[in-house]
Amino acid sequence: MIVCIAEKPSVARDIADILGARTRKDGYMEGNGYQVTWTFGHLCTLKEPHEYSPAWKSWSLSSLPMIPPRFGIKLISNPTYEKQFHIIEKLMQAADEIINCGDAGQEGELIQRWVMQKAGVRCPVKRLWISSLTEESIKEGFAKLKDQSEFQPLYEAGLSRAIGDWTLGMNATRLYTIKYGQGRQVLSIGRVQTPTLALIVNRQLEIENFKPEPYWELKTVYRETTFSATKGKFTTKEEGVAFLETVKQSDFVVTDVSAKKGLEYAPRLFDLTSLQVECNKKFAYSADETLKQIQSLYEKKVTTYPRVDTTYLTDDMYPKCPAILKNLRDYAVLTAPLEGGKLPKSKKVFDNAKVTDHHAIIPTGIYPQNLTDMERRVFDLIARRFIAVFYPDCKVSNTTVLGEVDKIEFKVTGRQILEPGWRVVFAKEQIEEKEGDDEERVLPLFVKGESGPHVPDLNEKWTQPPKAFTEATLLRAMETAGKLVDNDELRDALKENGIGRPSTRAAIIETLFKRNYVRKERKNLIATPTGVELIQIIHEELLKSAELTGIWEKKLREIEKKTYDAHLFLEELKQMVSDVVLSVLTDNTNRRITIQEAVVVTEEKKEPKKRERKAVAPKEKKEKPVVAKSPAENVQSIPVSIPTADPLVGQPCPLCGKGTIIKGKAAYGCSEWKSGCSFRQAF
């Protein structure tokens, strides 16, 4: 019997139907020589500290660093998970062959490997590797099954990531909580979480400490067109006035007119980060909301695998593109011009060298049905990008006009779209976005040597502080380890050193909200006093530097590519953690972090209340372990030996983010339940 194991029941049902395993059993489907079962995401996780050593049960500085000689896994304590695992275990131990049908990525590989390891698998294992859940893709994948050994580097990278997050998260969190915290709230430190918070805090401090300074710009209006002095900004008003008086005395003379024709290429296809950025800009969706929508579209078979970090397609996708375009029936007006001829094949779209595991996010060609409004908007972005890359380039004319008044030079630029090309695919939004954009204006016809009266003016302006991060700009900063760049090629080069992975960045941002380190004001991300103080109290650059963390991320990617050794990575990590512990333990200052609770909204008074606690050393009495649901990056659920009030109550709601967690008779809920929030968690 061949046992197939998928990551979700819905995916297992699709696979079972195609394989002919249509007899329903308890926890699996059977038929045609196959048994198809499933997990619910992670069934296993790394063991908790006290499961390695009883001395690690209580939080104490003397027990740090906690570095087990060998890491182990355990079943997550959940009756549903435990029951399903025992079904899987029984099937696997009797199997002739196992096919790993888990999510085709690093985390998906780790999930299934841990389950097989825990189940004691001894038979041969094959790997299904697909980029979409369509029937065609699944059949093609089963026809090209690979040996699991080919994915050993992927597993080692995932395992190194999980162990790295455990080692740094567990040790640094206990270290900072005991040394600098105030007893009731854990100071959560994470390999990616903390440098991400540092990006927000550092930007916020730049804004707060910014001192605006005045400057003056000399402009003049000639033939209803505003020209700017090429000298740039004047730092003193006197200097600006002197130039203003000079140009008042003479006519404006056009000294040069140049028009340069150019091409604008279509926007690239989406990877996960660029899709999250676009959805945040256009619809104000959070990174997590976008991830949920695109995951749902993938499971509904209408888009390809979402957790990708490339904007390219492989060459073997080119023959499939005409059929995909033809099946985008709702976009027939846009796809009609592409029919009947050969589709262009550009290196900006098709490049095998730029694709590792999966290609860019595109439609599958399955007609989308029963989509929510949010899903429809996300699908529309993906469909239009896909259509646009096959359209002609946009042809533009960039015009520059130079002028002079008494040897003082002026300049104006404008642009005219000669042939819109791919822009017709985005016609409506292009008009909305470009309204009022000076660079898009079409200039009057100027002739070199012409002259006439003009109206000069000296404008006083003030320097502006940098802008606060939004989720869109923060995602870009995480992708490039803090270096914000607009150029696509340069951004690609910096991705190697990005912090976090496309699939986990949304969870990192959500964790910062949950920990009350960051809050949102409209679109802006604002660090709370606790978040600011936490970053300021951390002196160890390795914990908070996006650049240094990016180097570690690069090593994890190199493990995946077999160019770096996983054992060496873990040895370096252990040394780093030991160094951090020693550094903090030798800090003799009496620094403390002010814990500020989340805003609490009561039913009687809709007024925000803020409370601060005085510094109190953590007490070690009752234990209330919280089991980690997943070893996902930096999202550590840690058993805390610090009793008192219920730690969940008053925390921000993880679902809506607006309300706070309240305690009912049988479960926790959200204070915004009357407004429709459905968050519920059993005791």
Side-chain angles (χ1 to χ4, degrees), residues 131-132 262-283 290 293-294 297 302-304 306 308 310-315 317-351 354-355 359-368 371 375-396 415-435 437 439-440 472 486-489 491-492:
S131 287
S132 76
L263 297 175
E264 284 187 352
Y265 303 116
R268 286 190 182 185
L269 296 172
F270 283 116
D271 60 8
L272 178 58
T273 301
S274 60
L275 181 63
Q276 288 170 317
V277 167
E278 193 75 358
C279 287
N280 185 255
K281 286 180 178 177
K282 280 191 166 58
F283 315 127
T290 300
Q293 304 313 311
I294 188 59
L297 290 170
V302 297
T303 56
T304 56
V308 297
T310 183
T311 57
Y312 293 86
L313 299 176
T314 49
D315 289 333
M317 286 300 297
Y318 177 72
K320 300 177 182 179
C321 290
I324 296 172
L325 288 165
K326 189 174 181 179
N327 288 327
L328 292 172
R329 301 202 299 269
D330 293 343
Y331 300 86
V333 173
L334 297 174
T335 58
L338 302 174
E339 293 177 8
K342 188 178 180 182
L343 289 177
K345 189 181 180 187
S346 166
K347 264 286 186 184
K348 292 184 178 298
V349 181
F350 298 93
D351 191 341
K354 300 286 181 68
V355 182
H359 56 67
I361 304 169
I362 62 172
T364 61
I366 299 291
Y367 185 72
L371 301 188
E375 288 171 350
R376 196 173 293 107
R377 289 190 192 104
V378 175
F379 180 80
D380 182 68
L381 291 179
I382 295 165
R384 288 179 186 272
R385 283 273 177 114
F386 181 67
I387 295 167
V389 297
F390 298 109
Y391 264 66
D393 296 329
C394 172
K395 294 181 180 179
V396 298
R415 182 170 60 166
Q416 184 178 7
I417 295 173
L418 304 176
E419 293 180 24
W422 58 265
R423 280 177 171 262
V424 301
V425 179
F426 308 98
K428 184 181 176 183
E429 65 184 60
Q430 291 293 339
I431 292 168
E432 291 172 354
E433 287 179 7
K434 298 301 179 183
E435 281 180 354
D437 189 338
E439 294 299 318
E440 289 291 302
D486 294 323
N487 182 277
D488 284 332
E489 279 70 27
R491 193 157 58 229
D492 278 348

Can you give me every donor-acceptor pair (side chain of residues 335-342, partner residue at least two apart or in another chain, under 3.5 Å) with its distance?
from   : atom 1 : to     : atom 2 : distance (Å)
Thr335 : OG1    : Tyr331 : O      : 3.3
Thr335 : OG1    : Ala332 : O      : 3.4

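Remark: Ser131 engages His358, His359 in a side-chain contact (heavy atoms from CB on, under 4.5 Å) (not counting sequence neighbours). With sequence neighbours excluded, no residue forms a ring-ring contact (aromatic ring centres under 6.0 Å, His included) with Tyr391. For Thr364, the side chain to side chain donor-acceptor pair (under 3.5 Å) test picks out no residue, with sequence neighbours left out. Every ring-ring contact (aromatic ring centres under 6.0 Å, His included) that Phe350 has, sequence neighbours left out, goes to Tyr318. Val389 pairs by the side-chain contact (heavy atoms from CB on, under 4.5 Å) definition with Leu269, Val349, not counting sequence neighbours. The side-chain contact (heavy atoms from CB on, under 4.5 Å) search around Pro322 returns Leu343, not counting sequence neighbours. Under the rule for a side-chain contact (heavy atoms from CB on, under 4.5 Å), the partners of Phe283 that lie at least two apart in sequence or sit in another chain are Cys279, Tyr285, Arg377, Leu381. Looking at residues two or more places apart in sequence or on another chain, you find a side chain to side chain donor-acceptor pair (under 3.5 Å) between Ser274 and Asp271. Residues passing the ring-ring contact (aromatic ring centres under 6.0 Å, His included) test with Phe386 are Phe390, sequence neighbours excluded. Shown here are the side chain to side chain donor-acceptor pair (under 3.5 Å) partners of Thr273, two or more places apart in sequence or in another chain: Arg505.
Contacts classified as salt bridge (Lys or Arg N to Asp or Glu O under 4.0 Å) and involving residues 317-330 (residues at least two apart or in different chains) are given here: Glu140-Lys320.
Side chain of Arg423 to main chain of Cys394: no donor-acceptor pair is present (N/O by atom type, distance under 3.5 Å, no hydrogens or angles).
We find that Asp380 and Arg384 are joined by a salt bridge, their nearest charged nitrogen and carboxylate oxygen being less than 4.0 Å apart.
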